[in-house]
Amino acid sequence: MPHPTAPFPMTRPRRLRQADWMRRLVRETTLGVDDLIWPIFVTDGVDQRQPVASMPGVERVSVDLVAEKANEAAGLGIPCIALFPYTDPDVKTPGAEEAWNPENLVNRATREIKKQVPDIGVMLDVALDPYNSDGHDGIVRDGVVVNDESLMALQQQALAHAEAGADILGPSDMMDGRIAIIRQALEQNDFPDVTILSYAAKYASAFYGPFRDAVGATGALKGDKKTYQMDPGNSDEALREVAIDLSEGADMVMVKPGMPYLDICTRVKREFSVPTYAYQVSGEYAMIQAAAQNGWIDGRAAMLESLSAFKRAGCDGILTYFAKDVATLIAEEGL
Ligand SMILES: NCC(=O)CCC(=O)O
């Protein structure tokens, strides 16, 4: 692209940065409440609010309180929430059957939200790790995460979530062929409008630690997830994964984690022009919160800068544990 700029002093880039009103006028991307999906952790019991130690400001709530959270989100204009369960270790099995129990935590929570806050979108993950005694996203046989048998389980889980009223399914398991098999099941069972936001480029990352703490999977995981989640060194492979998921019936795609993978967000959006999301994962959230709590960074500014970066990289939206905080800021102060 040619850059027809006059030489200094005719051109002075600082002219466009001289005042807040001018900076707002020329800003190329903005962060708004419509860009946000808020992940919420659900736990057993009644009237439960359990802080997650490694994610300051985040708590797990029981099903009776989850609609309250959804209501708060809706009141702030957040379009969608994503629910994640803290599953009792006693109900975790090698076959992860709890994943398609109509009465599991996220299915009950979804029904409650749909009853009480019908206008907010509800997204549920499709993956076995919260229910699997091995802590893996698929079924493990002789130490191997087996692909095709896992697909059968994921399909049942997807249908149970659709029946509970989930609007968006987020297959986050990274098994091959999962989008096709889920889409097919949705069509055959009269759920044509259930949307698939595929975790298409999900990397085997060190940044998921606090999430595993939040869903109680930390001790359960045996080994690592490198045979199904992507190698952090790869970028072309992300485009192939996205292409496959779109060809199998995904409506929207996600890159995860977020901040270390902004280059992937940009490539995906440029190449496919489909709704593209980033997941600012638990470790990213925890780093900002921990540094802010120590007084090492300005937490508010870092939160806003990190989220704006996703928009600049081309994302249409962000799953972020900061969603409520940033939506509150937007409501109170504008941005
Ligand atoms: N499937 C959802 C996640 O794995 C979230 C990871 C995180 O927030 O670290």
Side-chain angles (χ1 to χ4, degrees), residues 36-43 52-60 80-87 96 99 104-106 109 122-132 134-138 145 150 153-154 157-158 161 166 168-175 178-179 182 196-218 220-221 224-226 228-230 232 241 245 250 252-261 264 277-290 303 306-307 310 315 317-325:
L36 304 170
I37 299 179
W38 187 26
I40 295 174
F41 296 106
V42 189
T43 190
V52 179
S54 51
M55 300 177 72
V58 171
E59 58 184 9
R60 307 179 195 107
C80 185
I81 56 178
L83 304 179
F84 296 98
Y86 178 94
T87 307
N104 74 19
L105 278 172
V106 291
V122 176
M123 170 171 167
L124 296 182
D125 254 36
V126 181
L128 305 181
D129 53 329
Y131 310 103
N132 195 337
D134 296 294
H136 278 288
D137 298 17
V145 178
S150 299
L154 294 164
Q157 180 184 12
H161 290 343
I168 301 180
L169 296 181
S172 68
D173 53 285
M174 290 298 280
M175 297 299 120
R178 76 262 167 79
I179 304 300
I182 291 170
I196 297 180
L197 168 48
S198 139
Y199 288 68
K202 178 171 178 178
Y203 286 84
S205 170
F207 289 94
Y208 304 143
F211 177 89
R212 289 180 191 153
D213 183 14
V215 299
T218 309
L221 181 63
D224 58 46
K225 301 192 175 185
K226 292 180 183 172
Y228 47 104
Q229 297 180 350
M230 284 180 51
E241 284 283 5
D245 286 3
M252 314 190 272
V253 294
M254 191 199 297
V255 174
K256 178 183 167 194
M259 276 161 63
Y261 297 90
I264 309 298
Y277 294 80
Y279 201 135
Q280 185 183 47
V281 301
S282 57
E284 301 174 60
Y285 173 85
M287 284 194 303
I288 293 175
Q289 292 293 65
M303 168 183 80
S306 68
L307 294 171
F310 292 112
C315 291
I318 312 119
L319 286 92
T320 174
Y321 302 100
F322 285 123
K324 190 186 139 196
D325 296 341

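Here the structure is a predicted model, which is why all the values come from computation and not from measurement. Both ligands and their constituent atoms are indexed starting at 1 by order of listing.
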Return yes when Tyr199 approaches ligand 1 closer than 4.0 angstrom through a heavy atom, no otherwise.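 Right, Tyr199 reaches ligand 1.
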Is Lys256 close enough to touch ligand 1? Criterion: a residue heavy atom under 4.0 Å from a ligand atom.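 Contact check Lys256 vs ligand 1: positive.
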Centre-to-centre under 6.0 Å for Phe41 and Phe211, is that the case here?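 Here the rings of Phe211 and Phe41 have centres that are less than 6.0 Å from each other.
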Using distance alone, with no hydrogens and no angle criterion, decide if Ser306 and Gln280 have a side-chain donor and acceptor under 3.5 Å apart.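 Judged by distance alone, the side chains do pair up.
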Protein heavy atom at shortest distance from atom 8 (O) of ligand 1: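 Among all protein heavy atoms, the one nearest atom 8 (O) of ligand 1 is Tyr321 OH, 2.6 Å.
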How far is atom 9 (O) of ligand 1 from the closest protein heavy atom, and which atom is that?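 Result for atom 9 (O) of ligand 1: Ser282 OG, 2.5 Å.
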Using a 4.0 Å cutoff against the non-hydrogen atoms of Ser172, which atoms of ligand 1 qualify?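 That gives atoms 1 (N) of ligand 1.
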Compute both the distance and the angle, then confirm whether Lys202 meets the cation-pi test with Tyr279: under 6.0 Å from the six-membered ring centre, within 45 degrees of the axis.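 Relative to the ring axis of Tyr279, which defines the angle, Lys202 lies outside at least one limit.
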Hey, does the side chain of Glu284 reach the backbone of Gly258 with a donor-acceptor pair shorter than 3.5 angstrom?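 Present.
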Answer yes or no: is there a donor N or O on one side and an acceptor on the other, between the side chain of Asn104 and the main chain of Ala99, under 3.5 Å?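 Yes.
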Which option, Asp125, Asp129, Val58, Thr320, owns the non-hydrogen atom nearest atom 1 (N) of ligand 1?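 Looking at heavy atoms only, Asp125 sits closest to atom 1 (N) of ligand 1.
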Indicate, as side chain, backbone, both or neither, the part of Phe207 found under 4.0 angstrom from ligand 1 when only non-hydrogen atoms are considered.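 Contact part for Phe207 vs ligand 1: backbone (N, CA, C, O).
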Enter the distance from Met174:CE to Asp245:CG here, rounded to the nearest 0.5 Å.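 With rounding to 0.5 Å, CE (Met174) is 7.5 Å from CG (Asp245).
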